[in-house]
Amino acid sequence: MKNLILVTGGTGYIGSHTAVELINEGYEVVIVDNLANSTTDSLDGIGQITGVRPAFEEFDLCNKPRLEKFFKDYPGLKAIIHFAAYKAVGESVEKPLMYYRNNLVSLMNLLECMNAYQVPSMVFSSSCTVYGQPRELPVTETAQILPAESPYGNTKQICEEILRDYIRSVEGIRAIALRYFNPIGAHPSALIGELPRGVPNNLIPYVTQTAAGIRGELKVFGDDYNTPDGSAIRDYINVVDIAAAHVKAISRLLKNQNKSDFEFFNLGTGKGSSVLEVVNTFEKVTGVKVNYKIVGRRTGDIEQVWADTTKANVELGWKAVRSLGETLLSAWNWEKKLRGIK
């Protein structure tokens, strides 16, 4: 009998790629999503890639009665991968209460239902933003948690604290938080990828949309950071590599091999790339020029961050394997498919 895994936010960017990896590894997947920042088109993509279209329920996790009905309708859940959250740094600065309400209440509702319906394991979608602007690079899991630079980052810090405290208070629940650095790219099939609604908040879809002529120009926020070319540095990691880490985490939880009831791991490449380096690499691998303009810094952004991934490499048995060039090309192939570009 296949292990049944709930993927919240599973029609979204990372969720859909993770659903593919889970199905390919023999898991049964059910997705819950309110479609606030995604569409059911990704279900078609998952089905085309894997040959299996996962079960899907549309509702908001902040609706506790509806969530309880879901748990009654799907007995035998083995684990949850919790992606569903608002995630735009800039928007969180403008609308902090929306972020606190959605991101915190959805997690608390899930934890209460896990306890009530005896679902023992959760993989939580966290972020390197929990580290704030780190004092030492690369960032290890033992780095001091500094004040968050945005309400979004703060929700991730608080969610991890909620997980830790709640797991201490009850028996039978365990969790792994995966602290992503900067997921980019698309599935090599170009059947699923990042599809933000409206104006993108993340760098790569803005790059690809500018290259495709959807956007007039890319704004590079700041060229006066203390970095080699003045633009901000991030650890950009292929979304398929990220998805594979979730399968490793689920396996670890189901085998109960984690050393404690709450663990956390960095997911990155271990190498930082600047915004301008990303643009230059994109142009090199695709042969397409990107019209960009340097503008002032963006509120909530940190200067530079990249991961030390030793813990995930050793304890999860996971490592990022796809290059920046390969990843950017996959993002462009996805964009071309969306726009009908040959």
Side-chain angles (χ1 to χ4, degrees), residues 6-19 30-40 42 56-71 77 80-117 119 122-130 132 145 147-167 173 175-180 182-183 194-202 205 242 246 264 298-301:
L6 165 60
V7 180
T8 74
T11 59
Y13 177 41
I14 306 176
S16 60
H17 287 81
T18 299
V30 55
I31 289 172
V32 168
D33 204 304
N34 67 0
L35 304 181
N37 195 36
S38 61
T39 72
T40 56
S42 60
F56 172 67
E57 301 284 341
E58 181 184 349
F59 66 91
D60 194 315
L61 296 172
C62 293
N63 183 341
K64 182 73 175 298
R66 181 64 183 85
L67 183 59
E68 290 180 336
K69 180 181 183 301
F70 170 84
F71 275 84
L77 279 172
I80 297 168
I81 304 181
H82 181 38
F83 292 105
Y86 295 145
K87 62 176 185 176
V89 169
E91 184 182 57
S92 78
V93 174
E94 297 169 1
K95 302 175 181 178
L97 293 184
M98 183 177 84
Y99 272 67
Y100 287 117
R101 182 177 296 110
N102 182 75
N103 293 5
L104 303 186
V105 172
S106 61
L107 174 63
M108 290 187 285
N109 285 348
L110 276 172
L111 289 172
E112 288 177 339
C113 286
M114 286 177 69
N115 191 34
Y117 295 93
V119 179
M122 175 185 281
V123 177
F124 175 66
S125 168
S126 192
S127 169
C128 67
T129 57
V130 300
I145 302 298
E149 298 287 325
S150 69
Y152 162 71
N154 202 28
T155 67
K156 291 301 185 183
Q157 289 184 351
I158 295 169
C159 282
E160 286 199 14
E161 291 168 357
I162 290 170
L163 276 168
R164 181 198 63 212
D165 292 342
Y166 187 68
I167 286 170
I173 294 180
I176 290 175
L178 297 178
R179 295 172 175 170
Y180 317 152
N182 289 74
E194 188 169 9
L195 185 59
R197 289 188 172 177
V199 179
N201 288 294
N202 294 332
I242 288 273
H246 291 76
F264 39 87
R298 182 172 57 179
T299 303
D301 279 346

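On a predicted model such as this, the values are computed, not experimentally measured, just so you know.
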message = Looking at V89, is its backbone amide N or carbonyl O close enough to the side chain of N201 to form a donor-acceptor pair, meaning the two atoms are under 3.5 Å apart?
response =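 Not confirmed, N201 side chain does not pair with V89 backbone.
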
query = Is a side-chain donor or acceptor of R66 paired with a backbone partner of L61 at a separation under 3.5 angstrom?
reply =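 Side chain of R66 to backbone of L61, a donor-acceptor pair under 3.5 Å: no, none is there.
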
task = Could you point out which residue of D33, T40, T39, N37 forms a side chain to side chain donor-acceptor pair (under 3.5 Å) with T11?
result = D33

For the student: nearest non-hydrogen atoms of [X] and [Y], plus distance:
X	Y	result
Q157	T129	NE2-O, 4.3 Å
N109	N63	ND2-N, 4.4 Å
G153	A148	C-CB, 3.7 Å
Y152	A88	CB-O, 4.4 Å
Y86	M98	CE1-CG, 3.5 Å
E58	N34	OE2-O, 4.1 Å

From [atom1] ([X]) to [atom2] ([Y]), nearest 0.5 Å:
X	Y	atom1	atom2	value
Y100	N154	OH	CG	3.5 Å
F70	L6	CZ	CG	4.5 Å
I176	I81	CD1	CD1	10.0 Å
C113	K69	SG	NZ	13.0 Å
C128	L178	SG	CG	13.0 Å
N102	L97	CG	CG	12.5 Å

ask   = After noting the C-alpha distance and the side-chain angles of L110 and F71, does the key distance pass the side-chain contact (heavy atoms from CB on, under 4.5 Å) rule?
value = CA-CA 10 Å; L110 276 172; F71 275 84; 4.3 Å; yes

request  = Could you note down all residue pairs passing salt bridge (charged side-chain N to carboxylate O under 4.0 Å, His left out) where residues 147-159 supplies at least one of them, sequence neighbours left out?
outcome  = none

note = Residue pairs meeting salt bridge (charged side-chain N to carboxylate O under 4.0 Å, His left out), one or both in residues 90-115, sequence neighbours left out, come to K64-E112

ask   = Between H17 and F83, does the ring centre distance come in under 6.0 Å?
value = no

message = Tell me every residue that passes side-chain hydrogen bond (donor to acceptor under 3.5 Å, both in side chains) with T18, counting only those two or more places apart in sequence or in another chain.
response =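 Testing T18 for side-chain hydrogen bond (donor to acceptor under 3.5 Å, both in side chains), a comparison that skips the adjacent residues, returns none.
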
key: S126 vs R179, side-chain contact (heavy atoms from CB on, under 4.5 Å): CA-CA, chis, key distance, verdict   = CA-CA 5 Å; S126 192; R179 295 172 175 170; 3.9 Å; yes

key: side-chain contact (heavy atoms from CB on, under 4.5 Å) between L67 and V32, intermediate numbers included   = CA-CA 9 Å; L67 183 59; V32 168; 5.8 Å; no

ask   = Just wondering, do M122 and L107 contact through their side chains at under 4.5 Å, heavy atoms?
value = yes

request  = Applying side-chain contact (heavy atoms from CB on, under 4.5 Å), run through Y180 and I242 and close with a yes or a no.
outcome  = CA-CA 8 Å; Y180 317 152; I242 288 273; 4.0 Å; yes

